[in-house]
Amino acid sequence: MKRMRVRSTGAYLPEKVLTNFDLEKMVDTSDEWIRTRTGIVERHIAADDEATSDLVVKAAREALERGNLTPEDIDAIIVATVTPDTAYPSTACWVQKGLNVKGNIAFDINAACSGFIYATAVAQGLIATGVAKTVLVAGAEIMSRFVNWEDRSTCVLFGDGAGVVIYEESDDDSGLIDIYLGADGTIGELLIQPAGGTRMPPSHETVEKKLHTVHMQGNEVFKHAVRMMQEASLKVLEHSGYTADDVDLFVPHQANIRIIEATIKRVGIPWEKTMVTIDKFANVPAATIPLTLHEAVITGKLKKGDLVLSSAFGGGFTWGAFLMRW
Ligand code: ACO
């Protein structure tokens with residue numbers, strides 16, 4: 001079986017920045033509440049004429065340039081998202097159009113905030129079986145289109161953006177070491193966008209009742225997130241024969257700074273080895289991990305040879321973790 005490693009990363013964040021102080025003027029909230037309860041200070045918001053694939057295309061162009069590749073070098077495009085351009089075609093197919101390539105593999109994955117980890121497992125499968133040599137995996141969201149801007153308990157939490165990682169066959173010691181995935185659909189209603197699918201098709205009523213937006217029981221999600229991010233992290237370490245002490249950088253999903261703090265305490269990773277971007281980007285579901293990996297690369301916090309642990313939890317519920325030699 002062939003292993004895969006990272007060739008390059010890229011990111012795109014929309015120009016408009018919405019601060020906690022801006023939100024104070026929109027709903028009954030405060031910068032102090034948002035900062036202390038979530039760790040978020042500001043988030044990026046897509047322009048009206050931007051769709052999710054537009055964000056991916058910009059992030060992809062950066063990753064291609066950094067990897068010294070052209071769009072024609074990519075054998076497969078996988079986009080992890082819960083906010084696709086259209087129900088179909090997939091966002092990945094719109095990305096093909098944006099990059100002006102055709103003939104390669106292109107599809108989306110929906111595993112909410114765990115989407116990038118799920119997509120990484122699929123990329124490994126494509127490379128291991130020889131179906132593809134070079135795979136572009138994106139996590140991308142425009143959550144601002146699907147939050148209820150009158151609901152202070154959710155609208156302050158999310159942001160828009162896209163992160164891209166290009167994977168390729170590995171011919172050295174670097175690359176994916178182990179990956180662990182899980183899901184529990186029996187309690188999925190705790191975090192849901194109820195309308196817009198076959199269960200509740202779009203109607204005047206669903207729009208009036210704002211059922212096309214995020215509905216979340218935050219406290220419950222919080223508890224499950226801490227438990228499963230811890231479990232996934234420990235499982236992947238244990239299975240691959242490493243310990244928390246071996247990890248050079250932990251790149252967790254960025255949903256809440258308190259979830260991150262509780263997870264690192266339980267896994268045994270020090271704060272100095274934990275990469276945090278939630279203050280600047282907020283929760284950009286499937287995009288937070290590739291965005292944060294890219295941030296770690298460009299700020300020099302992630303270097304060749306480093307052992308990187310990543311874990312996520314999200315709607316579904318879904319969760320996962322991977323361990324990678326950078
Ligand atoms: N500003 C001011 N007050 C607020 C706000 C706000 N923006 N939001 C809620 N409050 C109030 C509540 O009304 C409540 O007031 P009350 O005590 O008078 O009833 C109080 O603050 C406490 O509310 P809680 O919901 O208990 O606050 P908590 O500390 O749990 O924080 C939060 C809420 C931030 C949502 C937290 O539960 C959380 O982060 N949950 C996990 C989110 C997550 O991981 N999502 C998964 C990813 S999303 C995806 O997969 C698509």
Side-chain angles (χ1 to χ4, degrees), residues 9-47 50 55 58-59 82-83 112-113 116 139-163 191 213-214 216 218-219 221-222 225-226 229 249-265 269-302 310-314:
T9 61
Y12 175 72
L13 290 148
E15 222 168 278
K16 182 179 169 187
V17 172
L18 186 73
T19 66
N20 292 346
F21 295 105
D22 296 327
L23 278 163
E24 283 182 354
K25 295 176 200 132
M26 295 162 66
V27 283
D28 180 15
T29 192
S30 66
D31 170 62
E32 208 258 331
W33 191 95
I34 303 171
R35 244 180 325 104
T36 54
R37 303 308 293 162
T38 72
I40 300 165
V41 176
E42 58 188 35
R43 71 284 291 142
H44 290 254
I45 303 289
E50 277 178 319
L55 275 47
K58 287 181 176 152
V82 290
T83 55
C113 300
F116 180 78
E141 308 286 2
I142 300 190
M143 285 302 287
S144 59
R145 306 266 155 83
F146 298 98
V147 295
N148 176 356
W149 288 104
E150 290 165 8
D151 174 11
R152 68 176 184 176
S153 70
T154 52
C155 76
V156 304
L157 303 175
F158 298 100
D160 303 337
L191 173 50
T213 62
V214 181
M216 178 168 71
N219 273 327
V221 177
F222 191 104
V226 172
M229 281 173 67
L249 194 69
F250 181 46
V251 179
H253 172 54
Q254 316 271 317
N256 187 315
I257 195 74
R258 292 181 294 131
I259 293 177
I260 296 174
E261 284 164 355
T263 303
I264 61 172
K265 202 168 158 199
I269 292 183
W271 178 250
E272 314 77 71
K273 289 185 175 179
T274 305
M275 189 71 200
V276 172
T277 55
I278 192 170
D279 51 334
K280 296 190 292 186
F281 306 154
N283 181 358
V284 197
T288 66
I289 290 176
L291 279 172
T292 307
L293 284 171
H294 180 71
E295 190 73 8
V297 170
I298 60 172
T299 54
K301 293 194 176 118
L302 186 48
S310 189
S311 76
F313 176 87

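Keep in mind the model is a prediction, meaning the values are calculated, not measured.
- The distance from atom OG1 of Thr154 to atom CG of Asn283, rounded to the nearest 0.5 Å, is 11.5 Å.
- In terms of heavy atoms, Ile289 sits closest to Ser311 at CD1-O, 3.9 Å.
- Of the inter-residue distances, the one linking Cys155 atom SG with Ile34 atom CD1 reads 7.5 Å to the nearest 0.5 angstrom.
- By the 4.5 Å heavy-atom criterion applied to side chains, Val214 and Met143 are counted as neighbours.
- At distances below 3.5 Å, not a single donor-acceptor pair connects side-chain atoms of Arg152 with backbone N or O atoms of Thr29.
- Here the shortest heavy-atom pairing between Ala282 and Gly159 reads CB-N, 4.0 Å.
- Side-chain contact check for Ile40 versus Ile257: every heavy-atom pair is 4.5 Å or farther apart.
- Taking the side chain as every heavy atom from C-beta outward, Phe116 and His253 never approach each other to under 4.5 Å.
- Listed for the Asp160 side chain is a donor-acceptor partner under 3.5 Å among the backbone atoms of Ser144.
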Contacts under 3.5 angstrom, residues 269-278 side chains, donor-acceptor by atom type, not counting sequence neighbours:
residue : atom : partner : partner atom : Å
Lys273  : NZ   : Val247  : O            : 3.2
Thr274  : OG1  : Pro270  : O            : 3.0
Thr277  : OG1  : Thr292  : OG1          : 2.8

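- Side chains of Trp149 and Leu23 form a contact here, defined as non-hydrogen atoms less than 4.5 Å apart.
- With a 4.5 Å cut-off on side-chain heavy atoms, Val156 and Arg37 do not count as touching.
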Checking side-chain contact (heavy atoms from CB on, under 4.5 Å) for the pair His44/Val17: CA distance, chi angles, key distance, verdict? CA-CA 5 Å; His44 290 254; Val17 172; 3.6 Å; yes

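- Ser30 meets the side chain to side chain donor-acceptor pair (under 3.5 Å) test with no other residue; sequence neighbours excluded.
- Looking at residues two or more places apart in sequence or on another chain, you find a salt bridge (charged side-chain N to carboxylate O under 4.0 Å, His left out) between Arg35 and Asp31.
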Test side-chain contact (heavy atoms from CB on, under 4.5 Å) on Met216 and Leu157 and set out the steps. CA-CA 11 Å; Met216 178 168 71; Leu157 303 175; 3.4 Å; yes

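- A heavy-atom distance below 4.5 Å is not found between the side chains of Thr288 and Phe281.
- Under the rule for a salt bridge (charged side-chain N to carboxylate O under 4.0 Å, His left out), Glu42 has no partner lying at least two apart in sequence or in another chain.
- Looking at residues two or more places apart in sequence or on another chain, you find no side chain to side chain donor-acceptor pair (under 3.5 Å) involving Thr38.
- Residues Ala162 and Leu291 share a closest heavy-atom pair of O-CD2, 3.3 Å.
- The backbone N or O of Val284 lies less than 3.5 Å from no partner atom in the side chain of Glu141, so there is not a single donor-acceptor pair.
- Looking at Lys58 and Glu50, a side-chain N of the basic residue comes within less than 4.0 Å of a carboxylate O on the acidic one, giving a salt bridge.
- Formation of a donor-acceptor pair under 3.5 Å by the Ser310 side chain with backbone atoms of Val251 is found in this model.
- Remark: Thr213 pairs with no residue by the side chain to side chain donor-acceptor pair (under 3.5 Å) rule, at least two apart or across chains.
- Counting heavy atoms from C-beta outward, Phe313 and Ile259 have side chains that stay 4.5 Å or more apart.
- Using a 4.5 Å heavy-atom threshold, the side chains of Asn20 and Arg43 count as touching.
- Taking all atoms of both residues into account, the shortest heavy-atom contact from Leu249 to Ala296 is CD2-CB, 3.7 Å.
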